[in-house]
Protein chains: 2
Amino acid sequence: MGRPTTPLLSTERIAATAIDLVDRTGGFTIAQIAKTLGVRPSSLYNHVTSKAQIIEAMRSRIFETMPAAESRATGATWEQQVRSLLRSYRDAFAAHPRLVPFLTAQTVSAPDVMRIYDDMARILSAAGLPHSRLLDIITVLDSFVIGSALDLIAPDEVWDAGQAKSAELREAIASADSGRLRADRSFDLGLDLLLGGLAGFGAR
Amino acid sequence: MGRPTTPLLSTERIAATAIDLVDRTGGFTIAQIAKTLGVRPSSLYNHVTSKAQIIEAMRSRIFETMPAAESRATGATWEQQVRSLLRSYRDAFAAHPRLVPFLTAQTVSAPDVMRIYDDMARILSAAGLPHSRLLDIITVLDSFVIGSALDLIAPDEVWDAGQAKSAELREAIASADSGRLRADRSFDLGLDLLLGGLAGFGAR
DNA sequence: ACCTGAACACCGTTCAAGT
DNA sequence: ACCTGAACACCGTTCAAGT
């Protein structure tokens with residue numbers, strides 16, 4: 001059985017199948033992808049050099065649909081622009097929560113993500129924030145988004161009141177939202193705190 | 001060859017060896033741990049039920065050395081207490097950067113970590129922050145610490161100026177610290193921004 | 001150029017057998 | 001109670017052979 005007249009596989013199809021598997025099962029193997037696509041495991045290596053590269057292809061796919069910063073810029077304050085950008089960034093993760101550990105465990109090599117940093121640098125620079133701290137600020141915002149993305153898969157059991165020793169924590173858990181709603185509210189709060197802090201940091 | 005007069009293994013010895021392997025190589029296998037301890041792979045299962053449980057044992061070991069909040073409380077403002085707690089929390093990660101992806105990929109079941117949340121709840125509650133938002137605030141701080149911990153293994157290549165398209169980002173990269181120093185400075189900045197924001201949130 | 005089959009060097013985990 | 005040896009059902013990856 002030699003090569004088909006039209007290719008059965010592509011990096012895109014492989015990445016899409018892998019995303020689907022992670023969404024459904026929390027993981028993926030080369031064999032599972034191959035089986036889903038009706039092909040042999042070794043066939044994948046005509047399109048991809050390693051499992052790590054499949055993860056990078058998944059990352060590209062997740063972030064390529066993110067709207068560019070320009071589409072949000074008209075008439076908005078820099079705070080609104082940053083807020084919108086970070087929310088899109090987090091929402092891209094949130095669309096596939098179980099994928100997050102794979103993406104955060106591995107070094108970024110996708111240009112789609114570098115574009116996000118580019119956009120942030122442009123917005124923050126135009127806002128008048130000190131150039132000497134620009135990368136630090138970007139890192140803070142990036143860290144918060146990534147931490148919040150990981151929070152999406154924290155099961156409510158982590159906040160199991162049964163394990164909390166202090167009355168304060170038990171009470172806090174009892175009056176909190178659960179699941180996705182809780183994660184969303186926390187993300188918005190963090191955004192408020194960070195942007196409020198940046199506003200008093202020399203921005204115009 | 002039956003059981004030895006005195007046990008060759010323990011959960012602690014297994015976890016310590018695994019941490020050492022991750023520090024040195026970035027990963028660990030059951031076989032590597034066994035070889036290091038002069039034992040057969042199957043022997044580990046007399047002390048541990050799975051690889052996941054080894055990771056939890058590593059987590060315990062990493063955080064058990066963290067000082068309790070009480071030891072920092074005397075005469076300090078709540079901001080100083082939170083700052084000190086979060087810094088210890090992050091430093092525990094920072095002592096083993098390559099371990100971070102393993103810890104963040106897996107759900108927490110270690111009481112040592114729950115203790116950190118307990119301490120945060122107690123400090124923030126005493127500070128007068130609204131009880132209804134306590135868990136959200138803890139989540140924000142936790143997300144930031146975890147995101148910052150993952151930033152520790154981001155190689156400087158991520159910030160490779162060659163890939164940055166905008167002049168703003170290229171300039172920011174050029175004038176930034178690199179490696180651990182950059183990560184430390186960013187973490188301190190994030191702490192300032194978040195605590196500053198919390199101060200204007202109804203805290204006394 | 002691209003799919004296949006066979007092979008390689010691993011994985012984590014189980015379990016009856018030993019003392 | 002705890003270590004062993006053998007076995008099981010997988011892993012990701014390589015590569016010569018086919019069209």
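Computed from a prediction, not measured in an experiment: that's the story for all the values here. Naming: A, B, ... by sequence-line order, numbering from 1 per chain.
- Remark: B:Ser43 is not in phosphate contact with D:dC2, judged by side-chain N or O atoms under 4.0 Å from OP1 or OP2.
- Of all nucleotides listed (C:dG12, C:dC2, C:dT4), C:dC2 comes nearest to the side chain of A:Pro4.
- Between A:Arg61 and A:Asp112 there is no salt bridge, since none of the side-chain N atoms of the basic residue sits less than 4.0 Å from a carboxylate O of the acidic one.
- Atom C1' of nucleotide D:dG12 and atom CD1 of A:Ile55 are separated by 12 Å, given to the nearest angstrom.
- Of the charged side-chain nitrogens involved, at least one lies within less than 4.0 Å of a carboxylate oxygen, so that A:Arg133 and A:Asp136 count as a salt-bridged pair.
- Judged by closest nucleotide on DNA chain D, B:Leu9 is the one of B:Leu9 and A:Thr29 placed further toward the 5' end.
- Taking the side chain of B:Asn46 as heavy atoms from C-beta on, and the options D:dT4, C:dT13, C:dC3, the nearest nucleotide is D:dT4.
- With a cut-off of 3.5 Å on both pairing distances, the Watson-Crick or G-U wobble partner of C:dA1 is D:dT19.
- Using a cutoff of 4.0 Å between basic side-chain nitrogens and carboxylate oxygens, B:Arg87 and B:Asp91 are not scored as salt-bridged.
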Worksheet item: Under the salt bridge (charged side-chain N to carboxylate O under 4.0 Å, His left out) criterion, do A:Arg122 and A:Asp119 qualify, and how do the steps go?
Response: CA-CA 5 Å; A:Arg122 226 179 283 118; A:Asp119 287 347; 3.2 Å; yes
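- Distance CG (A:Leu44) to P (C:dT4): 10 Å, rounded to an integer number of Å.
- In this model, the phosphate group of D:dA1 is not approached by any side-chain N or O of B:His47 to a distance below 4.0 Å at OP1 or OP2.
- Summarising the geometry, the separation between CG on A:Leu21 and P on D:dG12 is reported as 11 Å, rounded to the nearest angstrom.
- The CD1-P distance, from B:Ile14 to C:dT13, rounds to 12 Å in whole Å.
- For B:Ser42, whose side chain is taken as the heavy atoms from C-beta onward, the closest listed nucleotide among D:dC3, D:dG12, C:dT14 is C:dT14.
- Look at CG on A:Leu37: it is 11 Å from P on C:dT4, rounded to the nearest Å.
- In this structure, CD1 of A:Ile54 is placed 11 Å from C1' of D:dT13, rounded to the nearest angstrom.
- Pairing partner, D:dT13: C:dA7, with both Watson-Crick or wobble hydrogen-bond distances short of 3.5 Å.
- For the side-chain contact (heavy atoms from CB on, under 4.5 Å) test with A:Ser148, the passing option among A:Phe93, A:Tyr89, A:Phe187 is A:Phe187; the others fail.
- For B:Arg40, a side-chain nitrogen or oxygen approaches OP1 or OP2 of D:dG5 to under 4.0 Å.
- Between the C1' atom of C:dA1 and the OH atom of A:Tyr45 lies a distance of 19 Å, rounded to the nearest Å.
- Summarising the geometry, the separation between CG on B:Leu8 and P on D:dA1 is reported as 17 Å, rounded to the nearest angstrom.
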